[in-house]
Number of protein chains: 2
Amino acid sequence: MSSDTSNTRNRILKSVLEQLQASQEKGVRMADIAKRAGISRQALYLHFSTRAELLIETTYYVDRLKGSDKRLAPSRAAETGIERLNAFIEAWGNYIPDIYHVAKALLAMGDTDDAANQAWSKRMSDMKEGCAAAINALDADKVLSSDYAPDQATDVLWTMLSVRNWEHLIIECGWPQEDYVQMLKTIAHKIFVKKQTA
Amino acid sequence: MSSDTSNTRNRILKSVLEQLQASQEKGVRMADIAKRAGISRQALYLHFSTRAELLIETTYYVDRLKGSDKRLAPSRAAETGIERLNAFIEAWGNYIPDIYHVAKALLAMGDTDDAANQAWSKRMSDMKEGCAAAINALDADKVLSSDYAPDQATDVLWTMLSVRNWEHLIIECGWPQEDYVQMLKTIAHKIFVKKQTA
DNA sequence: GGTATCGCTTGACATAGTGTCAAGTAGCAA
DNA sequence: TTGCTACTTGACACTATGTCAAGCGATACC
């Protein structure tokens with residue numbers, strides 16, 4: 001199992017997550033992680049060559065732990081564009097809390113570290129494809145508002161669903177997670193779905 | 001004048017701005033700023049006690065330089081809620097490009113530095129009042145969508161107008177500034193303004 | 001029983017950046 | 001001449017990442 005802590009590598013990854021959650025707002029140092037994993041600071045580098053690599057691997061660890069690959073199934077199975085949009089918002093919106101702490105650390109590094117920056121960009125670029133698929137599904141159903149080109153709409157949805165916006169509403173404004181998901185569905189509908197001309 | 005560079009302090013502040021704009025994406029060091037201002041690194045500390053203070057003072061310098069205090073006049077003078085919302089989005093949206101580089105540096109520091117964090121939070125909290133005023137103006141005109149309480153709507157508008165979202169659309173997606181402002185007006189209208197029940 | 005290897009420890013060190021301190025200096029003014 | 005202001009220079013403390021070399025204990029193999 002990926003959470004098997006007899007394996008030092010996994011114990012380290014687990015410690016990263018714990019430490020990130022424990023030390024809210026403060027930066028997590030290699031020394032902190034080592035201490036929590038019960039090894040020396042230098043030993044971390046026997047498993048991960050840099051702090052950036054450690055954080056990147058932690059994102060994969062979270063995905064394994066939470067079975068993130070299964071989340072998009074409902075979205076892909078949706079029969080209408082609107083269903084697909086809602087399912088995608090729900091899937092991604094409920095994934096953010098799992099990835100948030102590592103994401104934040106990675107984003108903070110991204111300003112100065114190329115590897116961290118690229119790893120996160122890759123993730124966001126994958127997510128953007130989900131946005132594009134949802135928008136295209138709306139378009140195929142002829143319910144995408146004619147106010148935007150699909151590319152523009154994709155950019156807007158992609159922006160709306162950013163981790164920073166989740167952080168802003170949840171952490172800064174103190175919204176409950178369910179309200180966040182509900183609100184995003186509501187406003188996405190208002191923004192993207194063409195008004196009934198019945 | 002605030003841009004008088006015979007004054008060393010102003011020369012430093014100007015150098016911060018220039019350096020931030022010049023070194024896109026890379027972190028700006030005290031040494032870089034000193035070099036650009038033509039003084040020693042240590043001399044910076046004769047004018048600003050920390051890097052955070054220097055960046056914070058730079059935000060005020062930008063405001064003085066750009067006359068930011070005048071930007072909100074059209075919004076305050078608006079006669080209807082919808083006008084007020086549009087004027088506020090335009091004012092803030094066109095202010096972001098001026099403040100962006102310093103904001104980014106300050107936000108990056110905010111993760112580890114209390115002073116930087118508080119200074120930026122203060123700014124955002126002031127901006128939130130503008131959001132609240134716009135939403136309340138809509139409400140007073142009975143055109144605020146009944147889907148949200150004013151507080152919720154304020155949080156959403158506040159989130160939409162974040163510097164991070166501007167960064168995402170302008171820097172990441174490559175949108176022109178005018179498209180950004182136009183799009184924000186469009187989606188704010190769709191989200192917040194009650195549909196005509198005529 | 002010896003020995004080789006693996007996984008880790010320990011201490012020392014390089015590097016980069018912020019911030020501090022003390023001594024010195026150039027220019028200007030009374 | 002004296003003294004002040006604004007700056008310079010060099011040295012240093014501190015924090016954090018990352019590297020290196022030597023050593024050590026357990027396990028596995030012959």
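Within every chain, numbering begins at 1; the chains are lettered A, B, ... in the order of the sequence lines, protein sequences first and strands thereafter.
- A search for side chain to side chain donor-acceptor pair (under 3.5 Å) contacts involving Asp69(B) returns nothing, not counting sequence neighbours.
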For residues 37-44 of chain B, dump all side-chain donor-acceptor pairs below 3.5 Å to protein atoms at least two apart in sequence or in another chain.
residue  : atom : partner  : partner atom : Å
Ser40(B) : OG   : Ala43(B) : N            : 3.3

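- Running 5' to 3' along DNA chain D, contacts with non-hydrogen atoms of chain A at under 4.0 Å begin and end at dA16(D) to dC20(D).
- Considering only side-chain N and O atoms, His47(A) lies nowhere under 4.0 angstrom from the phosphate OP1 or OP2 of dG7(C).
- When each of Ser49(A) and Arg29(A) is assigned the nucleotide of DNA chain D bearing its nearest heavy atom, the one mapping closer to the 5' terminus is Arg29(A).
- In this structure, Arg29(A) pairs ionically with Asp32(A), as a charged nitrogen and a carboxylate oxygen lie closer than 4.0 Å.
- In this structure Ile82(A) satisfies the side chain to side chain contact (heavy atoms under 4.5 Å, CB included) test together with Thr80(A), Asn86(A), Leu138(A), Val143(A), His189(A), Val193(A), sequence neighbours excluded.
- Residue Phe48(A) is not grouped with residue Leu46(A) when hydrophobic side chains (ILVMFWY) are merged at heavy-atom distances under 4.5 angstrom, including chains of intermediate members.
- Gln19(A) and Ser15(A) share no side-chain donor-acceptor pair at under 3.5 Å.
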task: Any chance you could lay out the salt bridge (Lys or Arg N to Asp or Glu O under 4.0 Å) test for Asp147(A) and Lys195(A), step after step, and finish with the verdict?
output: CA-CA 11 Å; Asp147(A) 291 346; Lys195(A) 283 182 197 169; over 6 Å; no

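- Within the structure, every pair that satisfies the ring-ring contact (aromatic ring centres under 6.0 Å, His included) test and touches residues 67-115 of chain A, not counting sequence neighbours, is listed here: Trp92(A)-Tyr95(A), Tyr100(A)-Trp166(A).
- The stretch residues 32-46 of chain B touches DNA chain C through Arg41(B), Gln42(B), Tyr45(B), each having a heavy atom within less than 4.0 Å of the strand.
- Atom CE of Met30(B) is separated from atom C1' of dT20(C) by 13 Å (rounded to the nearest Å).
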